[in-house]
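When a ligand or atom number is given, it counts from 1 through the structure's own listing order. The shown structure was predicted, so the numbers you read here are calculated from the model rather than taken from an experiment. Each residue takes its place number in the sequence, starting with 1.
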Amino acid sequence: MDDPAATPTSTAPGEVGDPFRFADDLGPAKFVHVTERTTGLRAVVVIDNVAAGPAIGGTRMAPDVTGAECFALARAMTLKNAAAGLPHGGAKAAIRADPRMDDADKERVVRAFAGAIAHLTEFIPGPDMGTDEQAMGWIRDEIGRAVGLPAELGGIPLDELGATGFGLAVAVEVASPRADLDLDGARVAVQGFGAVGVHAARFLAERGCRLVAASDSTGGVVDAAGLDIDALVATKRSGRGLVDQPDVHHIDRDELIGVDCDIWIPAARPDAIRADNVDRLRARVVAQGANIGVTREAEERLHARGVVSLPDFIANAGGVICAAVEYGGGTPTQAFATIEDRIRGNVAEVLERAGSTGRLPVDEANEMAEARVRRAMSTRRWT
Ligand code: NAD
């Protein structure tokens, strides 16, 4: 985006303001507000750019989700999908509702949402916060398209297989020589021991790393000699938190930032590394599983210190790559091969460019992705 004033940023909660302020030369192609009286459905869909093909994007359900958030996330999907070389543009949908509502009510709302977007054939909904494969199954039943489906409908269970965590491990593998880091014995800290974090730890362990610290919303655990990943997973699977983990040293969850390690993986919330804690970080590589895991100011400080920070939409693209392969009728094996191929190539290119220009990897990644969107747009008569 050329005009920073046009960058979709957050606004007062719940306010979109003038939708024209989100428009720039990349998009959005369409912005739709839908309501349905009998179910109480209120939702917005932002189809940002469809030059590369029908747009894939998550459907977020939250009581406080905003239209502005939806614009920003739709653009992020355009860049992520273009960077990954997928034949898909970017979009996002937001349903303003409490996802913990009764199952039957949720089904009615989701089905009403599906009906309301049936005509938006250039949008392929996927799961996001507050929606899951079951919800995608309802949408597919209504309108014949959705990704992140149950296995019985041809879905690839990406969180169970660890598509995003696998991609993060590949990204770290490519980055490690540039950080002068030998993966054999490299120490990993994971913030957010959930679907992304667990598998990132597991796939990095397969590459010789050891998990020395992990946290979840309940607390953190540390062992310089290496934590037992299976034991931590068993605790989480039993419905308990890391705070309940026996026979390990416990820390406060926010102490994870200062743990002695080589690779630090934010896999929980946005803004995990920011101005007020970046100086405590001791790792040489940061691989962003969470979206916007590092603030701009923190990115600059990491760069100045020589820490290699791998941009979120490059390193955590495994999930959407998997969804695109699923949409094309592919298998899990094909999905993992595509993730490896795309993330390996992109991390190498971004770090090579950053190495020769001296600019931040995130700036190089944005430029690379935007150029790919523009190339796709140049092939289209109507964009
Ligand atoms: P998840 O709900 O499975 O796991 C999140 C974990 O973070 C949980 O264990 C939770 O307890 C923990 N957590 C929450 N707040 C925390 C805090 N303040 N400190 C430490 N831990 C905390 O979610 P997920 O699917 O693993 O997604 C994690 C992040 O990665 C999210 O930001 C998501 O948007 C992003 N992401 C996920 C995917 C994917 O494929 N699932 C793809 C791209 C990006």
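At a 4.0 Å heavy-atom cut-off, ligand 1 touches D216 through backbone and side chain alike. At a heavy-atom cutoff of 4.0 Å, ligand 1 is contacted by the side chain of K236 but not by its backbone.
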Criterion side chain to side chain donor-acceptor pair (under 3.5 Å) on T78 and D48, from CA distance to verdict: CA-CA 7 Å; T78 296; D48 184 55; 2.6 Å; yes

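Under the 6.0 Å cut-off for aromatic ring centres, F71 and F31 qualify, their centroids lying closer than that.
Proximity of a side-chain donor or acceptor of R372 to a complementary backbone N or O of A83 within less than 3.5 Å is detected. At distances below 3.5 Å, at least one donor-acceptor pair connects side-chain atoms of D312 with backbone N or O atoms of I292. Without hydrogens or angle criteria, D216 side chain to L242 main chain gives a donor-acceptor distance under 3.5 Å.
In this structure, atom 26 (O) of ligand 1 has a protein heavy-atom contact shorter than 4.0 Å. Within a 4.0 Å radius of atom 19 (N) of ligand 1, the protein contributes at least one heavy atom.
Short contacts between ligand 1 and L158, defined as distances under 4.0 Å to a heavy atom of the residue, involve ligand atoms 40 (O). Shown in contact with N291 at under 4.0 Å from a heavy atom are these atoms of ligand 1, numbered in order with element: 34 (O), 44 (C). Annotation for ligand 1: atoms under 4.0 Å from non-hydrogen atoms of R269 are 15 (N). Against a heavy-atom cut-off of under 4.0 Å, F193 is close to the following atoms of ligand 1: 9 (O). With ligand atoms numbered from 1 in the order given, ligand 1 contributes 20 (C) to contacts under 4.0 Å with heavy atoms of Q191.
Under 4.0 Å is where a charged nitrogen must lie from a carboxylate oxygen, and between D254 and R280 no such pair does. The pair D128-K92 counts as a salt bridge, with a side-chain nitrogen and a carboxylate oxygen less than 4.0 angstrom apart. Look at D180 and R284 and you find no salt bridge, because none of the NZ, NE, NH1 or NH2 atoms lies under 4.0 Å from a carboxylate O. The residues D64 and R96 are annotated as not salt-bridged, no charged nitrogen and carboxylate oxygen being separated by less than 4.0 angstrom. Using a 4.0 Å cut-off between charged nitrogen and carboxylate oxygen, R111 and D141 count as a salt-bridge pair.
For the residues L73, N316, D159, the heavy atom positioned nearest atom 41 (N) of ligand 1 is part of D159. The residue among A195, S217, A290, P266 with a heavy atom at the shortest distance from atom 3 (O) of ligand 1 is A195. Taking each of G58, G289, G192, G219 in turn, the one with a heavy atom nearest to atom 44 (C) of ligand 1 proves to be G289. If you check each of A268, A214, A200 against atom 32 (O) of ligand 1, the one with the closest non-hydrogen atom is A268.
Nearest protein heavy-atom neighbour of atom 4 (O) of ligand 1: G194 CA, 3.3 Å. Looking only at protein heavy atoms, the nearest one to atom 28 (C) of ligand 1 is A267 O, 3.2 Å. For atom 39 (C) of ligand 1, the nearest protein heavy atom (residue, atom name, distance) is T164 OG1, 3.5 Å. Among all protein heavy atoms, the one lying closest to atom 37 (C) of ligand 1 is V196 CG2, 3.5 Å.
Atom CD1 of I95 is separated from atom CZ of F113 by 4.5 Å, given to the nearest 0.5 angstrom.
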